Amino acid sequence: MSLSSLLLQFLTGLSSASSLFLVGAGLSLIFGVTRIVNFAHGSFFMVGIYLAYTLADKLGTLGFWPAVLIAALAVGVIGALIEMVLLRRIYKSPELFQLLATFALVLVIKDAVLYVWGPDELLGPRAPGLSGSVDILGRQFPTYDLFLIVVGPVVLGLMWLLLTRTRWGTLVRAATQDREMVSALGVNQAWLFTAVFALGATLAALGGALQLPREPATLAMDLNTIGAAFVVVVVGGMGSIPGAYVAALLLSEIKAVCIWLGVVDIFGYSVSFSKLTLVVDFIVMAIVLVWRPWGLLGRPQAPSRYVGMQEEPLRRASKGYLWLVAALGVALMAMPLLTADSPYTTVLMIDLLIAALFAASLHFIMGPAGMHSFGHAAYFGLGAYGAALLVRTSGMPMELALIVAPLVAAIGAFVYGWFAVRLSGVYLAMLTLAFAQITWAVVYQWDSFTGGSNGLTGVWPSEWLSDKRTYYWLTLVLVAVGILMLRRVLFSPFGYALRAGRDSVLRADAIGIDVKRMQWTAFVIAGAAAGLAGALYAFSKGSISPESLSVDKSVDGLVMVLLGGIQTLAGPVVGAVTFSWLHDTVARNTDYWRATLGAIILLLVLLFPQGIAGFAKQLSERLLRGRRRSPEVDVALTEKRT
């Protein structure tokens with residue numbers, strides 16, 4: 001560790017901060033005005049670098065800089081079209097519903113890129129005139145990285161001029177504070193949103209295109225980039241462009257220092273700071289959110305007047321519904337016997353049941369409790385690893401591990417929930433994401449205990465459960481008990497108090513309800529249920545890996561809940577079964593399964609904005625009202641029309 005190497009790492013951090021700022025600034029701008037948590041923003045970054053590669057290849061060496069600009073502008077046009085065709089239809093929907101639509105776009109765009117450019121990594125040409133290096137304290141530093149260091153402040157200055165010295169910028173800043181009032185004053189809100197979305201997409205694509213000489217274009221760029229962009233936006237403050245630049249600098253320099261430190265001996269223990277680069281940004285985000293929930297340079301967001309669909313009170317199941325559930329239970333019990341010739345069906349049904357319990361546990365805190373979580377996979381993974389480690393290290397029987405593993409997940413939810421319930425909305429969701437990523441990083445790197453990236457194998461159920469049909473029946477019973485217990489809690493005094501706190505914190509507090517404690521308890525209950533699902537998953541597969549705690553797993557849970565319908569208790573079960581079945585079926589029948597699945601989700605989003613179960617509920621209520629209407633009413637309505 002020398003002064004020259006520290007300086008080079010510092011400069012490298014500055015160059016990385018510029019690209020990170022471009023992506024974060026675009027995402028912050030879009031969220032500040034439209035309130036859309038745009039999950040597809042990383043896809044714009046990825047498309048930008050792929051388009052720049054193709055254009056640079058077609059235009060030759062001297063066409064590198066035009067290729068970068070044209071790629072950025074082209075992606076801006078694509079972003080504008082996406083906003084006009086899709087997102088404009090769902091602006092008045094709840095934020096999480098919009099998230100589902102943008103997640104579907106991620107799937108479609110990823111397979112579109114795969115179809116056009118293929119699966120191989122593509123390394124672009126060097127930038128003309130900036131392909132060499134300069135000598136700094138006896139070390140060589142790339143000239144192109146010096147150029148990137150300048151790009152960040154220049155773009156920040158141009159954005160400042162645009163937002164403070166133009167009428168359009170004034171409207172954008174006004175919409176960031178109160179978009180409904182801007183519309184009430186006669187501003188064409190639709191075109192303002194389109195312009196903002198196009199500018200945000202252009203900035204993301206520019207950040208991607210400028211990375212072409214530094215790193216190859218890969219299909220994993222979208223999700224990797226969106227995670228970092230979310231962190232930048234939240235740390236800097238939602239809607240704050242200067243905050244995004246400060247956050248990008250802070251995070252990039254902290255990573256650079258971690259790389260510079262390498263492995264350090266502290267009190268006789270070797271600490272690898274370089275490994276912290278996988279999670280240090282999420283650690284910083286967690287600290288900032290706990291200390292200053294609205295970010296370093298942000299301010300508390302004004303509540304939107306668009307509240308979405310009014311949620312009706314939960315009602316107990318009717319007799320007809322109970323008979324339907326009983327018939328479904330009998331059919332599920334008989335499923336292994338009816339599909340004896342297809343062992344794969346039993347395996348798939350186990351996966352569907354586990355997914356249903358996982359989704360129901362997430363819905364428990366998202367729907368009735370009103371707490372958005374982007375990191376629910378942490379409790380699923382804690383339950384899975386808890387069961388695996390208990391069986392492998394202590395020799396605990398599998399039956400007892402199924403009881404203890406949910407308690408391990410509940411302890412994790414107890415700790416994380418204490419911090420999480422102090423936030424709300426997107427900030428709460430980002431803090432849960434940070435905790436999940438920290439947990440994932442610990443599991444991924446603790447080779448001696450968790451098996452690291454290889455995971456743990458040999459986690460099989462007891463001998464009497466070696467037959468998949470027997471294990472299916474055990475899973476069915478435990479999942480049914482778990483879902484029924486969650487449902488029973490919602491109809492208890494605790495459940496009513498939980499929903500009261502969701503609907504009005506002030507009124508609930510006025511009548512003596514400790515809302516934060518209620519939400520904290522709900523976090524623990526949901527964590528235990530997710531831990532049970534994780535334990536069942538570990539024993540069903542015979543192994544467990546860090547992917548069970550990844551962001552993808554948390555996003556899958558969100559999609560399940562939103563696809564089924566967040567305003568119905570049956571929604572998460574319907575959504576889990578639908579999504580898991582579609583995922584399995586589509587993946588086995590086409591190479592471009594992501595695009596097909598994304599298109600199906602988009603279609604369901606547009607046709608059933610209240611979710612599949614919500615639509616079924618509305619349809620059944622309309623049919624019942626039609627049957628109950630008397631003939632006299634029909635005659636009166638006919639006379640009125642004539």
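These numbers were taken from a predicted model, which means no experiment stands behind them.
- Side-chain contact between W168 and L192 is present, with at least one heavy-atom pair separated by less than 4.5 Å.
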Test side chain to side chain contact (heavy atoms under 4.5 Å, CB included) on W260 and F10 and set out the steps.
-> CA-CA 9 Å; W260 175 71; F10 176 77; over 6 Å; no

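- W446 and F449 have tilted rings, their planes meeting at an angle from 30° to 60° on a 0 to 90° scale.
- A distance-only check finds a donor-acceptor pair linking the side chain of T102 to the backbone of F39 [under 3.5 Å].
- Under the 30°/60° scheme for interplanar angles, the aromatic rings of W65 and F147 are found to stand perpendicular.
- Heavy atoms of other residues, nucleotides or ligands lying less than 6.0 angstrom from CG of D591 number 12 at most.
- Residues D222 and V106 share a closest heavy-atom pair of OD2-CG1, 3.8 Å.
- Note that the CG atom of L289 and the CE atom of M430 stand 9.0 Å from one another [nearest 0.5 Å].
- Remark: R88 is positioned above the aromatic ring of W191, its terminal NZ or CZ atom under 6.0 angstrom from the ring centre and at most 45 degrees off the axis.
- Ring-plane geometry between Y115 and Y592 is classed as perpendicular, the angle between the planes exceeding 60 degrees on a 0 to 90 degree scale with a lower cut at 30.
- A perpendicular orientation is assigned to the rings of F21 and Y245, their planes being inclined by more than 60° (bins at 30° and 60°).
- Annotation for Y537: atom OH does not count as buried by contact number, only 12 or fewer foreign heavy atoms lying within 6.0 Å.
- The minimum heavy-atom distance between D145 and S15, with the atom names listed, is O-CB, 3.4 Å.
- S274 is not listed as a side-chain neighbour of L261, based on a closest heavy-atom distance of 4.5 Å or more.
- Counting only distance, with no hydrogens or angles, the side chain of S28 and the backbone of S240 share a donor-acceptor pair below 3.5 Å.
- Heavy-atom minimum distance, L20 versus S252: CD2-OG, 4.0 Å.
- A pairwise comparison of heavy atoms in T277 and C258 identifies CG2-CB, 4.0 Å as the closest pair.
- Counting non-hydrogen atoms of neighbouring residues, nucleotides and ligands closer than 6.0 angstrom, the CZ atom of R588 exceeds 12 such neighbours.
- Side-chain contact between F358 and D556 is absent, with no heavy atoms from C-beta onward closer than 4.5 Å.
- Annotation for G295 and V288: closest pair CA-CG1, 4.2 Å, computed over non-hydrogen atoms.
- Scanning all heavy atoms of the two residues, the minimum distance from H41 to A204 falls at NE2-CB, 3.4 Å.
- Distance CG/L158 to CD1/I241: 12.5 Å, rounded to 0.5 Å.
- Here the CZ-CZ distance, from R139 to F141, works out to 12.5 Å after rounding to the nearest 0.5 Å.
- Within a 6.0 Å sphere centred on OH of Y444, heavy atoms belonging to other residues, nucleotides or ligands number 12 at most.
- For the pair L22/L210, a side-chain contact is recorded, criterion being any heavy-atom separation below 4.5 Å from C-beta on.
- Applying the side chain to side chain contact (heavy atoms under 4.5 Å, CB included) test between V113 and each of D111, V116, I109 identifies I109 as the sole match.
- F197 has its side chain out of reach of M84: every pair of non-hydrogen atoms, C-beta onward, lies at least 4.5 Å apart.
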Would you please test T432 and M371 for side chain to side chain contact (heavy atoms under 4.5 Å, CB included) and show each step?
-> CA-CA 10 Å; T432 58; M371 296 183 290; over 6 Å; no

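- S18 places a side-chain N or O within 3.5 Å of a backbone atom of G152 that can act as its donor or acceptor partner.
- No side-chain N or O of T218 forms a donor-acceptor pair with one of E121 less than 3.5 Å apart.
- For the pair S554 (side chain) and A377 (backbone), a donor-acceptor distance under 3.5 Å is present.
- Taken from CG in L105 to NZ in K110, the straight-line distance is 13.5 Å, to the nearest 0.5 Å.
- Applying the salt bridge (charged side-chain N to carboxylate O under 4.0 Å, His left out) test to every pair with at least one member in residues 276-296, sequence neighbours left out, gives these pairs: K255-D281.
- To the nearest 0.5 Å, atom OG1 of residue T170 and atom CG of residue L163 are 9.0 Å apart.
- Side-chain contact between I283 and I438: present, with at least one pair of heavy atoms (C-beta onward) separated by less than 4.5 Å.
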Apply side chain to side chain contact (heavy atoms under 4.5 Å, CB included) to V33 and F193, showing your working.
-> CA-CA 7 Å; V33 175; F193 284 9; 3.5 Å; yes

Are F44 and I82 close enough, and set up right, to give a side chain to side chain contact (heavy atoms under 4.5 Å, CB included), and what steps lead you there?
-> CA-CA 11 Å; F44 297 147; I82 290 174; 3.9 Å; yes

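- With a 4.5 Å cut-off on side-chain heavy atoms, V232 and L27 do not count as touching.
- At least one donor-acceptor pair closer than 3.5 Å links the side chain of T143 to the backbone N or O of G132.
- Side-chain contact between V586 and R594: absent, with no pair of heavy atoms (C-beta onward) separated by less than 4.5 Å.
- Between the side chain of S548 and the backbone N or O of S545, at least one donor-acceptor pair lies under 3.5 Å.
- Atom CG of N224 sits about 10.5 Å away from atom CE of M46, to the nearest 0.5 Å.
- Partners of L122 by side-chain contact (heavy atoms from CB on, under 4.5 Å), not counting sequence neighbours, listed by chain and number: Y50, Y53, W117, A217.
- Aromatic ring pairs are classed by plane angle as parallel below 30°, tilted from 30° to 60° and perpendicular above 60°; the pair F419 and F435 is tilted.
- Of the possible donor and acceptor atoms, one in the side chain of T166 sits under 3.5 Å from a partner among the backbone N and O of L162.
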